Colleague: 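One structure is given below, represented as structure tokens, and several questions about it will come after.
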There are 2 protein chains.
Amino acid sequence: MVVVPPTGVPERSRATVYDVAERAGVSIATVSRVLRRPEAVSRATTQRVLDAVRELGYVPSGSARGLAARRSGAVGLVFPDFDDVEEIDPVCLSDEPVTVRPDPPGGAEPVTNLYMGEVMRGVEIEAWRHSLSVTVAVARGARKEAVLDDLAGRVDGLVVLGGTVPADVLARIGRSTPVVVVAGHRDGDDHDHVGTANGPGMRVLTEHLLHAHGLRDLAFAGGAADVSDDRDRFDGFRAALRAAGLPAPEAPLLRGDFTQARGRDLARRLVDAGDLPEALVCANDQTALGVLDVLLGAGVRVPQDLVLTGFDGIDAAGRSRPRLTTVHQPMVELGRVAVDALLQRLAGPGAPPTTRVLPVQVLLRESCGCGRA
Amino acid sequence: MVVVPPTGVPERSRATVYDVAERAGVSIATVSRVLRRPEAVSRATTQRVLDAVRELGYVPSGSARGLAARRSGAVGLVFPDFDDVEEIDPVCLSDEPVTVRPDPPGGAEPVTNLYMGEVMRGVEIEAWRHSLSVTVAVARGARKEAVLDDLAGRVDGLVVLGGTVPADVLARIGRSTPVVVVAGHRDGDDHDHVGTANGPGMRVLTEHLLHAHGLRDLAFAGGAADVSDDRDRFDGFRAALRAAGLPAPEAPLLRGDFTQARGRDLARRLVDAGDLPEALVCANDQTALGVLDVLLGAGVRVPQDLVLTGFDGIDAAGRSRPRLTTVHQPMVELGRVAVDALLQRLAGPGAPPTTRVLPVQVLLRESCGCGRA
DNA sequence: TCCGACGATGTAAGCGCATACATTCAATCT
DNA sequence: AGATTGAATGTATGCGCTTACATCGTCGGA
């Protein structure tokens, strides 16, 4: 890293209401009114105050405002830790401004990040609509709980991704701060919940395979067993089979962890065993894409030799060859509805906890035999 | 959307230091000490206080703490608006829990989001390391400036992506709050800056094409003209040509806007004209990927008929066929270094503004003829 | 035995703002 | 003219916390 030698010299002040009031020749109450309820102040006074604000570069203190108003005007967003680290080293950079690397290995899988990114965009959009700011925190490392408390203390409510925070910790925090859980089962808690129609979506997809394509020998490749989304999807899969009078397996044929790498492992096992089902229904797109990769490499044709489906509707699923039939989750809406739920909770603290289930879209594409192949 | 009828009834309180102090039989100063400087309190007292904290579900108010401590412990992160909207409608969802759509068009381009996402991850990581929280805001719509002021008022410093905020607005905010600009030129401002070696990276990449592959007829496909990254890259391109004794164009052969869609347009124009250069050097990966798409469709072989390169090192560039030769920007590090810069600024408010330039990596892959083709 | 030092805790003063309430004054009504 | 009203503004309090300073023991050394 190159550090360019500096040039100028900045100075920094921090004006307060008192400074502005003095300069404008009014009381601090009037300054506050000009900024919060302009309709309550005369035209001339407003102008004088605004001039003083501009001249002093006054920016109201969020802390003071939050304290006085008893609400911070911020929502907190809690993510799980993808990197799963306890320690992160300080930044370490090459001294060379440019290095050359021949053909390095492909990047990691940014997909989970993408999912989070979409949810976050939704949260941000809805927060923006209501003039709220968004503070994010990753529940990571040993100080995890402290980080969460800190966040809870500085926001009006929390949006937490399911499974990110242990139930007991969340319950404790919920005592003082409204919590909305996104994509997680209600386990006897009192939080508001927002989720998607995982089970029905998977059921409709499975029924499509059964009825539109006349398939009978379907297998399920699961994700992480302790994730409620996975359970719901598997249940939807089984429900479709049972409704068609077919035997429903007790457990997924294969069990992955939602990653593409594990999807590859599963596919290799499948190929090695030599006993392919007619269709492999995967618990999520990443798994399916990993499977697809290996299958194609092994000469298995999709969908001719094997029908393959995913779940989530991530971008990459629409760009694979063949394009992946999947179930699209409204991730941005998940975030937006979560904020809505939070606002309603803040408006009516006494109301009983709610659960919202967002609709999904089954996208029929090439990997099941639909779409333009 | 399905709203499941509610069940329980939550109640919410909000304990304060006073409550905890009373319950533990100590003064509020002691409560504060237990939480901030535990080493200054006796073992027994600490335990009593912590018990009271737990029993009451006490979470300190961030606003009050921020006010008293004169620092909020948060950094602000300002993004540009990708969607470029003035208004965003309320959430609108289908009433059907599951809908089926045959073969919908491919998704949008989440790539800019990805870039931002990586920078944000870096900011978050470094903030986490220093026990800071991160508050994000998108400079969007008419209330843009108000949103920014609000953010500036509630954080200790701002990380702003270059070009997101007009220079005069940023200067005004900089009067009261330290600002670090990421990936933007310094235009006589007093902010700290963090960028990457765009010019040198592009120059090395271009020199590789000239010397390792013996190419002579190179063209440049630019991005948005008003973006400093684009200028730097084009300058690096020209510097390499001049150093090799070749004529350097005054302007890019083609001018896009960093999107894949525009890349496609450019490629069509190129193909229609029928006059392909030996190599097309693109200002970023998205453009290159769009170009690649059309070229392959038109039967142009890469790299045999045309050498193609990108810039940024996004994930998709490593997954295309052929894989894209490009220059990788350390996006996560960009975010991390920005926070570092902010912390140093907070520690030494009087120091002159700094500029940090992070190193890049030239990734030689298939699209220039390197790598395993 | 007395004094100083030091560790542990309490006291009290804000931090910068919002807001309930009081005050002022001009316009309106009787 | 005096009373009444309402808009515009000021006064004063407190939000919940941190922290400088004061206080109180306790213990070791003279």
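Numbers restart at 1 for each chain; the letters A, B, ... are given by sequence-line order, proteins then strands. Since the structure is predicted, the reported quantities are computational estimates derived from the model, not experimental observations. Side chains are part of it too, since the values below use all heavy atoms of this structure and drop only hydrogens, waters and symmetry mates.
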Colleague: Rounded to whole Å, how long is the line connecting atom CZ of B/R48 with atom C1' of C/dA8?
Modeller: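 Checked: the CZ to C1' distance equals 12 Å.
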Colleague: Whole angstroms only, please: what is the CD1-P distance between A/I28 and D/dG14?
Modeller: 15 Å
Colleague: According to a strict under-4.0 Å criterion, is A/S27 in side-chain N/O contact with OP1 or OP2 of D/dG10?
Modeller: yes
Colleague: Given atom CG of A/L35 and atom P of C/dG16, what is their separation to the nearest angstrom?
Modeller: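 Rounding to the nearest Å, CG of A/L35 and P of C/dG16 are 16 Å apart.
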Colleague: Has the side chain of A/S176 got a donor or acceptor atom that lies under 3.5 Å from a matching backbone atom of A/I173?
Modeller: yes
Colleague: Send over the distance from A/L56 CG to C/dC17 P, rounded to a whole Å.
Modeller: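 One finds 12 Å between P of C/dC17 and CG of A/L56, rounded.
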Colleague: So, do A/V136 and B/L77 sit near enough that their side-chain heavy atoms are less than 4.5 Å apart?
Modeller: no
Colleague: Just call it for A/S32: base, sugar-phosphate, or nothing, with non-hydrogen atoms closer than 4.0 Å on any strand.
Modeller: base
Colleague: Show your reasoning for whether side chain to side chain donor-acceptor pair (under 3.5 Å) applies to B/Q47 and B/D51.
Modeller: CA-CA 6 Å; B/Q47 196 51 56; B/D51 287 346; 3.2 Å; yes
Colleague: Just so I know, are the side chains of B/R33 and B/T30 near enough to count as touching, which here means a heavy-atom distance under 4.5 Å?
Modeller: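 Yes - at least one pair of side-chain heavy atoms lies under 4.5 Å apart.
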Colleague: In degrees, rounded to 10°, what is the bend between the two ends of the helix from C/dT1-D/dA30 to C/dT30-D/dA1, using five pairs at each?
Modeller: 50°
Colleague: Hydrogens and angles aside, do A/R186 and A/T355 bring a side-chain donor and acceptor to less than 3.5 Å of each other?
Modeller: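 Yes, side-chain donor-acceptor contact under 3.5 Å.
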Colleague: If the cut-off is 4.0 Å, is A/T30 near the phosphate of D/dA8, judged by side-chain N/O to OP1 or OP2?
Modeller: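 No, because none of the side-chain N or O atoms of A/T30 sits under 4.0 Å from OP1 or OP2 of D/dA8.
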Colleague: Hey, does the side chain of A/D81 reach the backbone of A/A139 with a donor-acceptor pair shorter than 3.5 angstrom?
Modeller: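 Checking the backbone N and O of A/A139 against the side chain of A/D81, no donor-acceptor pair under 3.5 Å is found.
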Colleague: Is there a donor-acceptor pair under 3.5 Å between the side chain of B/R336 and the backbone N or O of B/G122?
Modeller: no
Colleague: Mind checking A/V26 for me? I need base, sugar-phosphate or nothing, with any heavy atom below 4.0 Å counting as a touch.
Modeller: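 Contact class for A/V26: sugar-phosphate only.
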Colleague: Would you mind reporting whether A/D192 and A/L342 have side-chain heavy atoms less than 4.5 Å apart?
Modeller: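 A side-chain contact under 4.5 Å is absent here.
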Colleague: Quick one: which protein N/O atoms are closer than 3.5 Å to N/O atoms of nucleotides 20-26 of chain C? Pair and distance per line, please.
Modeller:
none

Colleague: Using salt bridge (charged side-chain N to carboxylate O under 4.0 Å, His left out) as the criterion, point out the one residue from B/R143, B/R175, B/R172, B/K144 that pairs with B/D149.
Modeller: B/R172
Colleague: Over how many whole Å does the gap from B/R14 atom CZ to D/dG16 atom C1' extend?
Modeller: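 Between C1' of D/dG16 and CZ of B/R14: 11 Å.
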Colleague: Starting from C1' on D/dG16, measure out to CD on B/E22 and report it in whole angstrom.
Modeller: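 Taking atom C1' of D/dG16 as the reference, CD of B/E22 is at 15 Å.
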Colleague: When only distance counts, do a donor and an acceptor, one from the side chain of B/Y18 and one from the base of D/dC15, lie under 3.5 Å apart?
Modeller: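 Per atom types, no contact qualifies.
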Colleague: Would you say D/dG16 has OP1 or OP2 under 4.0 Å from some side-chain N or O of B/S61?
Modeller: no
Colleague: In terms of the nearest nucleotide of DNA chain C, which residue is placed more toward the 5' end: B/A68 or B/S42?
Modeller: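 Nearest-nucleotide comparison on DNA chain C picks B/S42.
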Colleague: For B/V41, answer base if it contacts any base atom (sugar-phosphate contacts may also be present), sugar-phosphate if it contacts only those atoms, and nothing otherwise; contact means non-hydrogen atoms under 4.0 Å.
Modeller: sugar-phosphate
Colleague: Provide, to the nearest angstrom, the distance between the CZ atom belonging to B/R37 and the C1' atom belonging to C/dT9.
Modeller: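 That distance rounds to 12 Å.
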Colleague: Between A/A64 and B/T45, which residue's closest nucleotide on DNA chain C lies nearer the 5′ terminus?
Modeller: B/T45
Colleague: Starting at atom CZ of A/R70, determine the distance to atom P of D/dG14, rounded to an integer number of angstrom.
Modeller: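 Distance check: A/R70 CZ to D/dG14 P gives 11 Å.
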Colleague: When you measure from the side chain of A/R154 to the backbone of A/A74, do you find a donor-acceptor pair of N or O atoms at a distance under 3.5 Å?
Modeller: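 Side chain of A/R154 to backbone of A/A74, a donor-acceptor pair under 3.5 Å: no, none is there.
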Colleague: Nearest to the B/L67 side chain among C/dC17, D/dC17, D/dG16, which nucleotide is it?
Modeller: D/dG16
